[in-house]
Engineer: 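Encoded as structure tokens, here's the structure I'll be asking about.
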Amino acid sequence: MNKRVVVATGNAGKVRELSAALTPLALELVTQADLGVDPIPETASTFVENALAKARYAASVSGLPAIADDSGLVVNALGGAPGIRSARYAGEAATDADNNAKLLAALEGVEERTAYFTCCLVYLASEDDPAPVIATARWYGLIVDSPRGDNGFGYDPHFLLPSLGRTAAELPLAEKNRLSHRGQACRQLLGLLSRS
Ligand code: ITT
């Protein structure tokens with residue numbers, strides 16, 4: 001029987017991408033919502049600390065191993081914003097549309113549009129696992145004003161991959177996972193877990 005692991009996220013877009021990318025682990029992935037685990041406030045100032053906190057809390061409440069993803073968009077012209085606040089950039093209850101509108105307003109008249117997504121994945125075998133498995137990766141692109149594509153989530157419609165001439169939201173899930181911050185971090189995690 002496959003090992004049950006809780007995925008410590010309430011973001012459905014992440015769940016889709018993580019489930020596909022982590023298939024080789026042959027785990028039974030259950031979401032924290034399935035187990036009645038509430039989200040915790042993200043109070044740390046780094047992606048890795050937030051990912052650790054989410055994984056540790058989900059492992060403690062569920063008694064299962066846990067995987068958490070803390071990720072965000074880093075825009076150079078905005079001094080790294082929205083960064084760790086990416087999900088709540090336009091306020092605590094912000095939607096993706098609210099966040100994208102705030103991003104474009106902040107970049108109005110700004111020519112420098114380089115940005116990257118970053119993803120930190122943490123696997124904890126238990127709440128008190130002293131050796132968390134940590135994987136982290138970046139995906140570089142440019143922020144464009146006109147949204148394109150219906151796939152993905154979050155800032156994807158405004159994140160252009162110049163070499164492809166497409167936004168992240170124009171990529172099918174498998175292609176996004178092949179290239180993205182999350183897909184790369186998942187492959188690192190697979191490699192690290194296969195050696196532990
Ligand atoms: P959980 O904490 O429950 O996992 P969350 O959405 O609050 O869900 P984060 O705090 O890690 O997660 O914030 C990540 C935000 O960064 C996410 O809500 C998007 O706005 C953005 N983001 C991360 N990865 C992305 C991707 O692949 N495509 C588009 N936007 C992404």
Side-chain angles (χ1 to χ4, degrees), residues 2-34 39 42 47-48 50-52 54-55 58 64-75 82-84 86-87 95-97 99-100 103 114-124 132-144 147-196:
N2 293 342
K3 182 156 78 171
R4 289 183 97 204
V5 172
V6 58
V7 185
T9 178
N11 181 318
K14 287 187 186 178
V15 172
R16 277 194 299 276
E17 293 174 15
L18 293 170
S19 303
L22 297 174
T23 304
L25 288 176
L27 299 171
E28 184 195 341
L29 295 177
V30 285
T31 65
Q32 59 181 20
D34 292 338
E42 294 176 32
F47 293 99
V48 63
N50 280 327
L52 260 173
K54 288 191 269 192
L64 296 174
I67 293 177
D69 166 321
D70 202 62
S71 46
L73 178 70
V74 176
V75 179
I84 54 160
S86 290
T95 63
D96 288 346
N99 288 332
N100 281 314
L103 177 68
T114 57
Y116 64 86
F117 279 122
T118 187
C119 174
C120 180
L121 288 182
V122 167
Y123 175 90
L124 281 180
V133 182
I134 300 175
T136 184
R138 292 178 179 188
W139 193 23
Y140 292 90
L142 296 174
I143 304 302
V144 289
R148 276 170 26 201
D150 299 312
N151 302 327
F153 65 97
Y155 299 93
D156 280 344
H158 293 279
F159 189 76
L160 179 76
L161 292 317
S163 60
L164 302 179
R166 284 184 288 167
T167 68
E170 292 180 295
L171 305 180
L173 187 146
E175 193 175 358
K176 183 178 174 191
N177 267 351
R178 194 165 58 73
L179 302 169
S180 76
H181 52 317
R182 183 165 298 103
Q184 296 179 62
C186 283
R187 285 190 291 283
Q188 271 178 37
L189 197 75
L190 296 180
L192 291 166
L193 286 172
S194 71
R195 274 177 265 138
S196 61

Engineer: Rounded to the nearest 0.5 Å, what separation is found between the CG atom of L29 and the CG atom of D34?
Structural biologist: 10.5 Å
Engineer: Specify the closest pair of heavy atoms between A66 and A58, including all atoms of both residues, with the distance to one decimal.
Structural biologist: CB-CB, 4.3 Å
Engineer: Rounded to the nearest 0.5 Å, what separation is found between the OH atom of Y123 and the CG atom of L189?
Structural biologist: 9.0 Å
Engineer: Are the side chain of Y155 and the backbone N or O of S86 linked by a donor-acceptor pair below 3.5 Å?
Structural biologist: yes
Engineer: Got a sec, which residues hit salt bridge (Lys or Arg N to Asp or Glu O under 4.0 Å) with R16, two or more places apart in sequence or on another chain?
Structural biologist: none
Engineer: Okay, side chain of R166, backbone of R148: is any donor-acceptor separation there less than 3.5 Å?
Structural biologist: no
Engineer: Indicate the atoms forming the closest heavy-atom contact of P157 with V144, along with that distance.
Structural biologist: O-CG2, 4.4 Å
Engineer: Is there side-chain contact between L164 and E175, with heavy atoms separated by less than 4.5 Å?
Structural biologist: yes
Engineer: Is the shortest side-chain heavy-atom distance between V5 and L25 below 4.5 Å?
Structural biologist: no
Engineer: Is the backbone N or O of A174 less than 3.5 Å from a side-chain atom of N177, with the two atoms forming a donor-acceptor pair by type?
Structural biologist: no
Engineer: Hey, is the main chain of C119 close enough, under 3.5 Å, to the side chain of T136 for a donor-acceptor pair?
Structural biologist: yes
Engineer: Classify the ring geometry of F159 against F117: parallel below 30°, tilted from 30° to 60°, perpendicular beyond 60°.
Structural biologist: tilted
Engineer: As an exercise, state the distance from CG of L121 to CZ of F47, rounded to the nearest 0.5 Å.
Structural biologist: 12.5 Å
Engineer: Would you indicate whether the side-chain heavy atoms of R182 and W139 approach each other to under 4.5 Å?
Structural biologist: no
Engineer: Give the minimum heavy-atom separation between L173 and A20, together with the two atoms involved.
Structural biologist: CD2-CB, 3.6 Å
Engineer: Donor-acceptor check, side chain of N151 to backbone of L171, threshold 3.5 angstrom: yes or no?
Structural biologist: yes
Engineer: State, with a plain yes or no, whether a side-chain heavy atom of I84 is found less than 4.5 Å away from one of E42.
Structural biologist: no
Engineer: Could you walk me through whether V122 and I134 satisfy the side chain to side chain contact (heavy atoms under 4.5 Å, CB included) test, starting with their C-alpha distance in whole Å, then the side-chain angles of each, then the deciding distance to 0.1 Å, before giving a yes or no?
Structural biologist: CA-CA 5 Å; V122 167; I134 300 175; 4.0 Å; yes
Engineer: Indicate yes or no: at least one non-hydrogen side-chain atom of L190 is less than 4.5 angstrom from one of L22.
Structural biologist: yes
Engineer: Do the side chain of Q184 and the main chain of R138 share a donor and acceptor less than 3.5 angstrom apart?
Structural biologist: yes
Engineer: For side chain to side chain donor-acceptor pair (under 3.5 Å), just list the numbers for N11 and T9, CA-CA rounded to whole Å, side-chain angles, deciding distance to a tenth of an Å, and then say yes or no.
Structural biologist: CA-CA 5 Å; N11 181 318; T9 178; 5.4 Å; no
Engineer: To the nearest 0.5 angstrom, please state how far the CG atom of L142 sits from the NE2 atom of H158.
Structural biologist: 14.0 Å
Engineer: What's the spacing between N100 CG and L73 CG if we round to 0.5 Å?
Structural biologist: 9.0 Å
Engineer: Considering non-hydrogen atoms only, spot the tightest contact between K54 and A68 and give its length.
Structural biologist: CB-CB, 3.8 Å
Engineer: List the atom of L161, the atom of A168, and the distance in Å for their closest heavy-atom pair.
Structural biologist: CD2-N, 3.6 Å
Engineer: Drop me the distance from K3's NZ to L64's CG, to the nearest 0.5 angstrom.
Structural biologist: 10.5 Å
Engineer: Does a side-chain heavy-atom distance below 4.5 Å link P132 with L52?
Structural biologist: yes
Engineer: Can you pull out every salt bridge (charged side-chain N to carboxylate O under 4.0 Å, His left out) where at least one residue sits in residues 153-164? Sequence neighbours excluded, please.
Structural biologist: D156-K176
Engineer: What are the two closest non-hydrogen atoms of L27 and N2, and how far apart are they?
Structural biologist: C-CB, 3.9 Å
